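Let me begin by presenting the structure, written as structure tokens, before commenting on it.
Since the model is a prediction, treat every value here as computed from it, not as a measurement.
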Amino acid sequence: MTEADGQGRPTSGDGPDGRARRIPDIISLVKDSYSELRPAERRVADAVLDDVRFAVDASNAALAQKAGVSEPTVTRFCRAIGCEGVRDFKLKLAQSLVVGALYLSKPPPVSSDNGMPFWNAVFGEARRALQEAERQLDPAQLLKAAELIAKARQVTVFGLGGSSSALAQETQYRLFRYGITVSAQCDPYLMRMTASTLKPGDLVIAISATGRTREVIEAVELARHYRANAICVTAPDTELARACDVRLTVAVSEYPDTLKPTALRFAFLAAIDLMAVAAAYKLDGSARETVRRIKYNAQIHRTGKEMEPLGD
């Protein structure tokens with residue numbers, strides 16, 4: 001699961017106006033410029049891409065030796081990809097390494113009988129995430145969440161980013177089938193605008209893998225300002241968790257394979273399902289009637305005719 005973390009405080013990388021300076025993705029520039037480089041410069045590119053960490057720490061002479069070229073060739077290579085020189089290149093390379101080191105390393109080898117090394121990783125991580133969710137989720141907090149959902153005038157779900165926005169929509173799909181008035185917002189401006197319309201008796205459910213996504217936190221705080229209640233599905237001991245009335249928190253360490261989907265979403269899906277079913281049990285008869293209506297009309301849509309009565 002990948003999300004933008006909170007911003008707003010200037011850092012050493014910020015410009016004079018307080019805005020964060022863009023860090024050039026020098027690794028991508030090397031790859032994209034490869035076909036335009038001279039043969040000797042390509043050998044430098046090969047040496048850099050083969051071991052980025054070595055290229056950051058190595059001297060000009062050491063990098064030239066590894067590539068099998070002269071030191072002036074290393075300098076020409078740096079200028080060919082748009083850097084002022086070797087020092088500027090290494091500075092930008094170090095910045096790229098900080099941001100994307102995880103994506104440059106290969107995952108540890110995993111054996112599999114079916115020839116797919118990721119098979120055990122995906123299924124194993126999913127099982128482990130569910131076990132962590134069962135161990136870490138607090139039943140008392142879950143029951144409080146169910147009570148807030150069952151009595152809410154309306155529910156709005158906030159989620160920003162790839163996984164959290166999908167989970168926000170999944171939460172909407174889980175809850176509306178029980179007759180709950182619910183909507184999902186995955187745009188930061190719509191979150192703020194929706195939060196501004198909430199009133200006492202309304203409810204926000206905020207989903208964030210990191211618990212640090214600034215736009216989600218601010219939208220929740222705005223909703224709380226207008227006396228709406230708030231539930232979060234997020235990581236423990238985070239700013240988002242502290243901003244909410246009810247906290248469904250779980251932490252899952254990730255398997256080091258950047259091509260594998262994050263396992264945390266399985267834990268969050270379990271939390272969402274538990275929360276939705278618990279709310280349905282609170283609503284009981286009205287929830288069952290809504291589900292019956294949905295199933296009845298879905299069946300008509302699929303078959304094109306009403307269901308025939310059961311025989312004697």
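- Results of the side-chain contact (heavy atoms from CB on, under 4.5 Å) test with F77 over V69, V86, V44 single out V44 as the only residue that passes.
- Side-chain N or O atoms of S33 include none that pairs as donor or acceptor with a backbone N or O of E36 at under 3.5 Å.
- For the residue pair A280 and A287, the shortest heavy atom distance occurs at O-CB, 3.7 Å.
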Can E132 and R128 be said to form a salt bridge (charged side-chain N to carboxylate O under 4.0 Å, His left out), step by step? CA-CA 6 Å; E132 287 298 317; R128 188 174 63 83; 5.3 Å; no
For a side chain to side chain contact (heavy atoms under 4.5 Å, CB included) check, start with the C-alpha distance between R174 and T171, then their side-chain angles and the critical distance, and finish with the verdict. CA-CA 5 Å; R174 291 294 94 200; T171 305; 5.6 Å; no
Run the numbers on R42 and D46 for salt bridge (charged side-chain N to carboxylate O under 4.0 Å, His left out), then give the verdict. CA-CA 6 Å; R42 291 183 186 179; D46 290 337; over 6 Å; no
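- Under the 4.5 Å side-chain criterion, counting only non-hydrogen atoms from C-beta, T238 is not in contact with I217.
- Formation of a donor-acceptor pair under 3.5 Å by the T234 side chain with backbone atoms of S208 is found in this model.
- In this structure, the side chains of T290 and F176 stay at 4.5 Å or more apart for every pair of heavy atoms.
- Going from atom CD of E239 over to atom SG of C232 covers 12.0 Å, rounded to the nearest 0.5 Å.
- Qualifying side-chain contact (heavy atoms from CB on, under 4.5 Å) partners for S286, counting only residues two or more places apart in sequence or in other chains: L283.
- Within the 4.5 Å cutoff, side-chain heavy atoms of L274 are placed close to those of L137.
- For the pair T73 and R43, the minimum side-chain heavy-atom distance is 4.5 Å or more.
- The nearest pair of heavy atoms linking V216 to A206 is CG1-CB, 3.9 Å.
- Using modelled atom types, one side-chain atom of Q141 and one backbone atom of R247 make a donor-acceptor pair closer than 3.5 Å.
- When side chains are defined from C-beta on, L29 counts as touching I26, because their heavy atoms get closer than 4.5 Å.
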In a table with atom names and distances, give each donor-acceptor pair under 3.5 Å that connects a side chain of residues 144-153 to protein atoms at least two apart or in another chain.
from: R153; atom 1: NE; to: D202; atom 2: OD1; distance (Å): 3.0
from: R153; atom 1: NH2; to: D202; atom 2: OD1; distance (Å): 3.3
from: R153; atom 1: NH2; to: D202; atom 2: OD2; distance (Å): 3.0

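- Rounded to the nearest 0.5 angstrom, R214 CZ and L240 CG are separated by 10.0 Å.
- Note on V277: it clusters hydrophobically with I207, by side-chain heavy-atom contacts below 4.5 Å among ILVMFWY residues.
- Side-chain atoms of Q136 come within 3.5 Å of backbone atoms of A251 as a donor-acceptor pair (strictly under, hydrogens ignored).
- A distance of 10.0 Å separates CG of L264 from OG1 of T210, quoted to the nearest 0.5 Å.
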I'd like a table of donor-acceptor pairs (distance under 3.5 Å, sequence neighbours excluded) in which one partner is a side-chain atom from residues 219-229, with atom names and distances.
from: R224; atom 1: NH1; to: A243; atom 2: O; distance (Å): 2.6
from: R224; atom 1: NH2; to: D245; atom 2: OD1; distance (Å): 3.4

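- Looking at K66 and D50, a side-chain N of the basic residue comes within less than 4.0 Å of a carboxylate O on the acidic one, giving a salt bridge.
- Annotation: side chain of V30 is in contact with side chain of F89 (closest heavy-atom distance under 4.5 Å).
- Note: the hydrophobic cluster containing V74 also contains L49 (ILVMFWY, side chain heavy atoms under 4.5 Å, direct or indirect links).
- Here Q172 contributes atom CD and T156 contributes atom OG1; the two are 8.5 Å apart, rounded to the nearest 0.5 Å.
- Taking the side chain as every heavy atom from C-beta outward, L37 and I81 approach each other to under 4.5 Å.
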